[in-house]
Number of protein chains: 2
Amino acid sequence: MSVTHSSDSETLLTPSEVATLFRVDPKTVTRWAKSGKLSSIRTLGGHRRYRESEVRELLTGVPQQRADER
Amino acid sequence: MSVTHSSDSETLLTPSEVATLFRVDPKTVTRWAKSGKLSSIRTLGGHRRYRESEVRELLTGVPQQRADER
DNA sequence: TCTTAATGGGGTAATTCGGGGA
DNA sequence: TCTGTCCGAATTACCCCATTAA
């Protein structure tokens with residue numbers, strides 16, 4: 001038995017969820033990702049997922065924390 | 001922080017656990033396995049289990065290490 | 001053995017992808 | 001320059017019910 005401080009359990013958001021938060025079209029979010037303004041993780045099928053903490057920070061200007069660091 | 005019962009060489013994840021990591025439906029993970037994008041191990045009842053190291057690598061793009069190699 | 005949640009298979013609706021043009 | 005929209009194709013989500021896992 002071992003105890004691990006889990007490395008990365010980051011909540012991810014879908015393109016439409018991010019788009020809703022910014023009141024923007026999902027396609028615009030895709031462009032932000034392609035231009036490097038927003039980092040993204042890809043599903044095995046090629047769809048993008050976005051880090052919630054990064055999105056929140058961009059929305060509020062306040063650095064966010066992950067649940068597993070709290 | 002997580003507690004792992006390690007004595008095995010490879011930690012296995014359930015479909016729902018993998019789905020949560022990718023922010024995807026469990027059925028989608030099943031499709032990845034069927035199409036060969038993700039390798040899977042079957043329980044004797046036919047349910048799929050996935051290698052954590054493989055999932056982590058696909059998520060981050062960084063090769064992971066097993067606890068018994070560290 | 002019993003209960004409950006999760007998974008599998010199949011089918012269909014919704015979302016996202018990429019490119020291109022307004 | 002930035003965003004919204006149209007298109008076809010691909011991927012993913014949600015619905016059912018039977019079986020398996022815990």
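Naming convention: chains lettered A, B, ... in sequence-line order (proteins, then strands); numbering from 1 in each chain. Remember, predicted model here, so these are calculated numbers, not experimental data.
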Atom pairs under 3.5 Å: protein N/O with N/O of nucleotides 20-22 of chain D:
residue: D:dT20; atom: O4'; partner: B:H47; partner atom: NE2; Å: 3.4
residue: D:dA21; atom: OP1; partner: B:T43; partner atom: OG1; Å: 3.0
residue: D:dA21; atom: OP1; partner: B:G45; partner atom: N; Å: 3.1

Legend entry - Inter-residue atom distance A:I41.CD1 - B:L59.CG, 0.5 Å rounding: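 Separation between the atoms: 6.0 Å.
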Legend entry - Residue-phosphate contact under 4.0 Å: A:W32 side-chain N/O, D:dT3 OP1/OP2: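 True: A:W32 side-chain N/O within range (under 4.0 Å) of D:dT3 OP1/OP2.
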Legend entry - Distance, nearest 0.5 Å, that separates OG of B:S53 from CG of B:L13: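 Rounded to the nearest 0.5 Å, the OG-CG separation comes to 9.0 Å.
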Inset, instruction - Please state whether the phosphate of C:dC17, meaning OP1 or OP2, lies under 4.0 angstrom from any side-chain nitrogen or oxygen of A:T30. - result: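 Checking A:T30 against C:dC17: at least one side-chain N or O falls below 4.0 Å of OP1 or OP2.
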Inset, instruction - Measure from CZ on A:R48 to P on D:dT12 and round the result to the nearest Å. - result: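 A:R48 atom CZ is separated from D:dT12 atom P by 13 Å.
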Inset, instruction - For D:dA13, take OP1 and OP2 only and decide whether either is under 4.0 Å from a side-chain N or O of B:T28. - result: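 Yes, such a contact exists.
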Inset, instruction - Could you grab the distance from atom CG of A:L58 to atom CG of A:L21, nearest 0.5 Å is fine? - result: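 Between A:L58 CG and A:L21 CG, I get 11.0 Å after rounding to 0.5 Å.
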Legend entry - Lys/Arg-Asp/Glu bridge criterion (N-O < 4.0 Å) met for A:E17, B:R23: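 Salt bridge flag = yes for B:R23 with A:E17.
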Inset, instruction - Calculate the interatomic distance between A:K34 atom NZ and D:dT3 atom P; express it in whole Å. - result: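 In whole Å, D:dT3 P and A:K34 NZ are 14 Å from each other.
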Legend entry - Gap between atom OG1 of A:T28 and atom CG of A:L38 - 0.5 Å precision: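 Between atom CG of A:L38 and atom OG1 of A:T28 there are 12.0 Å.
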Inset, instruction - Determine the minimum heavy-atom distance between B:V55 and B:Y50, stating which atoms define it. - result: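 That closest heavy-atom pairing would be CG2-CB, 4.2 Å.
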Inset, instruction - Quickly work out the B:R23 CZ to D:dC14 C1' distance and round it to whole Å. - result: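 Distance, rounded to whole Å: 14 Å.
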Legend entry - Whole-Å distance separating the CZ atom of B:F22 from the P atom of D:dT12: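 Checked: the CZ to P distance equals 10 Å.
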Legend entry - Pair assignment for C:dA22, Watson-Crick or G-U wobble, requiring both distances under 3.5 Å: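 Result: D:dT3.
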Inset, instruction - Report the distance from atom CG of A:L12 to atom P of C:dT16, rounded to the nearest whole Å. - result: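 So the CG-P distance, A:L12 to C:dT16, works out to 14 Å.
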Legend entry - Integer-rounded Å distance: C:dT7 P and B:L38 CG: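 Spelled out: CG on B:L38 to P on C:dT7 is 14 Å.
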Show the distances under 3.5 angstrom between N or O atoms of the protein and N or O atoms of nucleotides 7-9 of chain D.
none

Inset, instruction - Can you measure from NZ (B:K34) to OG (B:S40) and round to the nearest 0.5 angstrom? - result: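 It is 11.0 Å, given to the nearest 0.5 Å.
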Legend entry - Whole-Å gap separating P (C:dA14) and CD (A:E17):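 The distance from CD of A:E17 to P of C:dA14 comes to 17 Å, rounded to the nearest Å.
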Inset, instruction - Would you indicate what B:R31 reaches in the nucleic acid, counting non-hydrogen atoms under 4.0 angstrom: base, sugar-phosphate, or nothing? - result: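 Base, at least one base atom sits under 4.0 Å.
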Inset, instruction - Look at the side chain of A:D25 and decide which nucleotide, out of D:dT12, D:dT5, C:dG19, has an atom nearest to it. - result: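 My answer, after comparing the listed nucleotides, is D:dT5.
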Inset, instruction - If C:dC2 has a Watson-Crick or G-U wobble mate with both distances under 3.5 Å, name it; if not, just say none. - result: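 Its partner is none (no Watson-Crick or G-U wobble pair with both distances under 3.5 Å).
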Legend entry - Close side-chain approach of A:K27 to A:P15, heavy-atom, < 4.5 Å: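 In short, these two side chains do not touch, never coming nearer than 4.5 Å.
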Legend entry - A:H47 and B:V24: CA distance, side-chain angles, deciding distance, side-chain contact (heavy atoms from CB on, under 4.5 Å) verdict: CA-CA 10 Å; A:H47 285 199; B:V24 147; over 6 Å; no
Legend entry - B:E10 backbone acceptor or donor facing B:E52 side chain under 3.5 Å: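 Not a single qualifying donor-acceptor pair exists.
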Legend entry - Closest-nucleotide 5' rank along DNA chain C - winner of A:Y50 and B:P26: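 The 5'-side residue here is B:P26.
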